[in-house]
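Heads up: the structure comes next, in structure tokens.
These values consider heavy atoms only, across backbone and side chains, with no hydrogens, waters or symmetry-generated copies. As the structure is a computational prediction, the values presented were derived from the model and not from experiment.
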Amino acid sequence: RLIELVNGMPANDLTPISSTLLEAANYWRGEQVTFGKTRGNRRTARLSHPATYCDAPNSCNGANISSITDAFGVKKFPSCDVTVNPNSNPCRFRVIRGNPNYISPFNTTVECATNHQVLLTDGAAFSGNSNFVKNKIKNMVGKSSCFANNTTFKRTSEAINNYNTHEQCAVDLVQFMHEEDQSSTISNAQIVKTHTIGFNLNNISATRFITDMANVGGGDVYTASSAGDLVSVFENILTKVKNDPTSFVAPALATNAFNR
């Protein structure tokens, strides 16, 4: 199934890594849905899944549910059927109404479990790293400026890498997620390790960038050139997670939760 999904992935020439990682941080921390609220008029973009901000249909943590929305606060468009063709032109206008907060996935019953996320990219960071994004990251991590390069933390065998405007603050964010407690409601520190995968990635600078993120994010960096390679990489990551000194936590909700 993963091979089928990868083979069907569209390429849009935009790689908003920093804003994607910021949205992931919002999810882990149970903060407000930001970029996942709208598809931005893009046919291949997606909204945040209802299971990430809804406890149940009609109970969605700040989403506005009314006659013009479905049970998850998503505005209805009669000519859009995401179960048939989510890439259809009318579906690009989908939006979550209101201001819902994510439901943090941190497991309160297994407080010593480690938490992992995987960033998969097929290109160098491009677009999505506005001043709004960078300021949000700096406010979250408590810094007035972000790393300009990797000189303070690169490994001896690695080359110096200067970050361009599309890459700035991403490394700071994954370092913060790995080194600082991300939950104020669970007694043990909840950190998140970040693994990165370069999928058919031939850009040297971009490869150094995702290597830096894995290094400071407590994870590993991988490469894959085909869907089959990608399956092997994910199997490798899952094996390492299961062998972690603490616990492995399976997903609390399946991808088809709420029949979506």
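Tested against L201 for a side chain to side chain contact (heavy atoms under 4.5 Å, CB included), the candidates T207, T223, L120 yield a single pass: T207.
Side-chain atoms of D229 and Y222 form no donor-acceptor pair, as typed in the model, at a separation below 3.5 Å. For the residue pair N150 and D212, a side-chain donor N or O sits within less than 3.5 Å of a side-chain acceptor on the partner.
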Intermediate values then yes/no, side-chain contact (heavy atoms from CB on, under 4.5 Å), N87 and R46: CA-CA 9 Å; N87 294 332; R46 295 291 184 270; 2.7 Å; yes
T121 and T196: CA distance, side-chain angles, deciding distance, side-chain contact (heavy atoms from CB on, under 4.5 Å) verdict: CA-CA 8 Å; T121 180; T196 60; over 6 Å; no
Side chain to side chain donor-acceptor pair (under 3.5 Å) between R155 and N215, intermediate numbers included: CA-CA 9 Å; R155 296 174 181 174; N215 286 347; 3.2 Å; yes
Test side-chain contact (heavy atoms from CB on, under 4.5 Å) applied to D220 and K240, step by step: CA-CA 10 Å; D220 294 298; K240 289 190 175 183; 3.4 Å; yes
Audit row: Q117, W28, side chain to side chain donor-acceptor pair (under 3.5 Å) steps and yes/no: CA-CA 10 Å; Q117 64 183 8; W28 283 108; 2.9 Å; yes
Steps toward side chain to side chain donor-acceptor pair (under 3.5 Å) verdict (N203, S205): CA-CA 6 Å; N203 184 303; S205 179; 4.6 Å; no
Steps toward side-chain contact (heavy atoms from CB on, under 4.5 Å) verdict (C80, R94): CA-CA 9 Å; C80 167; R94 298 183 83 227; 3.8 Å; yes
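Considering only heavy atoms from C-beta on, V33 comes within 4.5 Å of E23 through its side chain. At a threshold of 4.5 Å between non-hydrogen side-chain atoms, the residues S18 and K134 do not count as touching. Residues C91 and R39 meet the side-chain proximity criterion, which asks for heavy atoms closer than 4.5 Å. Between M140 and L173, some side-chain heavy-atom pair lies under the 4.5 Å cut-off. Contact of the V74 side chain with the V95 side chain is not registered, since no non-hydrogen atoms from C-beta on lie closer than 4.5 Å. The side-chain heavy atoms of S104 and Y27, taken from C-beta on, include no pair separated by under 4.5 Å. The closest side-chain heavy-atom distance from C60 to I65 is below 4.5 Å. A heavy-atom distance below 4.5 Å is not found between the side chains of I68 and K76.
In this structure, F77 is not a member of the same hydrophobic cluster as I96, with clusters built from ILVMFWY side-chain heavy atoms closer than 4.5 Å. Under the 4.5 Å side-chain heavy-atom criterion for grouping Ile, Leu, Val, Met, Phe, Trp and Tyr, I204 is not connected to V171 through any hydrophobic cluster. Cluster annotation: I191 and V174 are assigned to distinct hydrophobic clusters (Ile/Leu/Val/Met/Phe/Trp/Tyr, side-chain heavy-atom contacts under 4.5 Å, transitive). The hydrophobic cluster containing V192 does not contain I103, counting ILVMFWY residues as joined when their side-chain heavy atoms lie under 4.5 angstrom apart, directly or transitively.
Between the N236 side chain and the S232 main chain, no donor and acceptor come within less than 3.5 Å of each other. Of the possible polar contacts, none joining the S59 side chain to the D55 backbone as a donor-acceptor pair under 3.5 Å is found. Between the side chain of T69 and the main chain of S66, a donor-acceptor pair closer than 3.5 Å is present. At distances below 3.5 Å, at least one donor-acceptor pair connects side-chain atoms of D70 with backbone N or O atoms of G73. In this structure, the side chain of Q182 engages the main chain of F176 through a donor-acceptor pair within 3.5 Å.
A distance of 11.0 Å separates OG in S130 from NZ in K136, rounded to the nearest 0.5 Å. The OG atom of S225 sits 6.5 Å away from the CG atom of N200 when rounded to the nearest 0.5 Å. Atoms CZ and CD, on F106 and Q190 in that order, are 5.5 Å from each other to the nearest 0.5 Å. Put simply, CG on N26 and CG on L21 are 11.0 Å apart, with the number rounded to the nearest 0.5 Å. Rounding to the nearest 0.5 Å places CD of E235 at 10.5 Å from CG of L230. Note that CE of M213 is 13.5 Å distant from CE of M177, once rounded to the nearest 0.5 Å.
Counting all heavy atoms, side chain and backbone alike, F199 lies closest to S226 at CE1-O, 3.4 Å. Looking at every heavy atom in both residues, F209 comes nearest to N161 through N-ND2, 3.5 Å. The heavy-atom pair separating K37 from G98 by the smallest distance is NZ-O, 2.7 Å. In terms of heavy atoms, G123 sits closest to I17 at O-CD1, 4.4 Å. Between N162 and E167, the shortest heavy-atom distance links the atoms O-OE1, 3.9 Å. Closest of all the heavy-atom pairs between F35 and F132 is CZ-CE2, 4.0 Å.
Annotation: Y102 is not in aromatic contact with Y53 [ring centroid separation under 6.0 Å not met].
Crowding of K154 atom NZ: a count of heavy atoms from other residues, nucleotides or ligands under 6.0 Å exceeding 12.
Classification of the F153-F147 ring pair by plane angle, with boundaries at 30° and 60°, yields perpendicular.
D172 and K143 are joined by a salt bridge, as a carboxylate oxygen and a charged side-chain nitrogen come within less than 4.0 angstrom of each other.
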